[in-house]
Amino acid sequence: MTEDRAAVPPSDLTPRIGKVATRELAHHGYTRYEDLTRATAKELLAIHGVGPKAIRILGEELAERGSRFRED
């Protein structure tokens, strides 16, 4: 079976982070904001296609929801 990474799976993450970051996060099991609380920002940055801008935006979104990334 061929893996289709071009499709962006359903996600509640903000589209402001871009399709590549959204797709790659989903590929690693992060499709909802509560999923992001299981990882550190450093772990997420290690995912290809997820850069500092996406981490900043996601961190802001988590803070608005009263949450944050896991601590190092």
Side-chain angles (χ1 to χ4, degrees):
M1 183 166 138
T2 303
E3 181 180 349
D4 181 12
R5 290 177 77 164
V8 178
S11 171
D12 76 348
L13 304 179
T14 179
R16 294 176 35 221
I17 65 171
K19 288 182 182 178
V20 172
T22 302
R23 181 182 65 234
E24 293 303 316
L25 286 167
H27 177 73
H28 286 85
Y30 304 104
T31 59
R32 308 189 62 73
Y33 285 101
E34 61 253 22
D35 298 333
L36 298 174
T37 64
R38 298 186 326 249
T40 66
K42 185 176 179 180
E43 290 169 333
L44 296 173
L45 274 170
I47 297 172
H48 177 76
V50 180
K53 181 179 176 183
I55 295 300
R56 179 184 51 78
I57 292 168
L58 292 170
E60 291 168 356
E61 294 281 333
L62 283 170
E64 287 178 16
R65 290 165 170 75
S67 196
R68 61 182 179 201
F69 299 120
R70 188 175 54 110
E71 295 291 322
D72 287 326

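Position 1 is the first residue of the sequence, and the numbers go up from there.
- Between the OG1 atom of Thr37 and the CZ atom of Phe69 there is a distance of 10.0 Å, given to the nearest 0.5 Å.
- Tracing side-chain contacts under 4.5 Å through hydrophobic residues (I, L, V, M, F, W, Y), one reaches Tyr33 starting from Ile47; they form part of the same cluster.
- Listed by chain and number, the residues in a salt bridge (charged side-chain N to carboxylate O under 4.0 Å, His left out) with Arg38 are Asp35 (sequence neighbours excluded).
- Here CD of Glu61 is found 9.5 Å from CG of Asp12. Values are rounded to the nearest 0.5 Å.
- Distance check, rounded to the nearest 0.5 Å: OG1 of Thr31 to CG of Leu25 gives 9.5 Å.
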Which atom pairs, one a donor and one an acceptor, fall under 3.5 Å between side chains of residues 49-60 and the rest of the protein, sequence neighbours left out?
| from | atom 1 | to | atom 2 | distance (Å) |
| --- | --- | --- | --- | --- |
| Arg56 | NH1 | Glu60 | OE2 | 3.3 |

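- A search for side chain to side chain contact (heavy atoms under 4.5 Å, CB included) contacts involving Glu43 returns Ala39, Thr40, Arg70, not counting sequence neighbours.
- In terms of heavy-atom proximity, Arg32 sits nearest to Leu13 at C-CD2, 3.8 Å.
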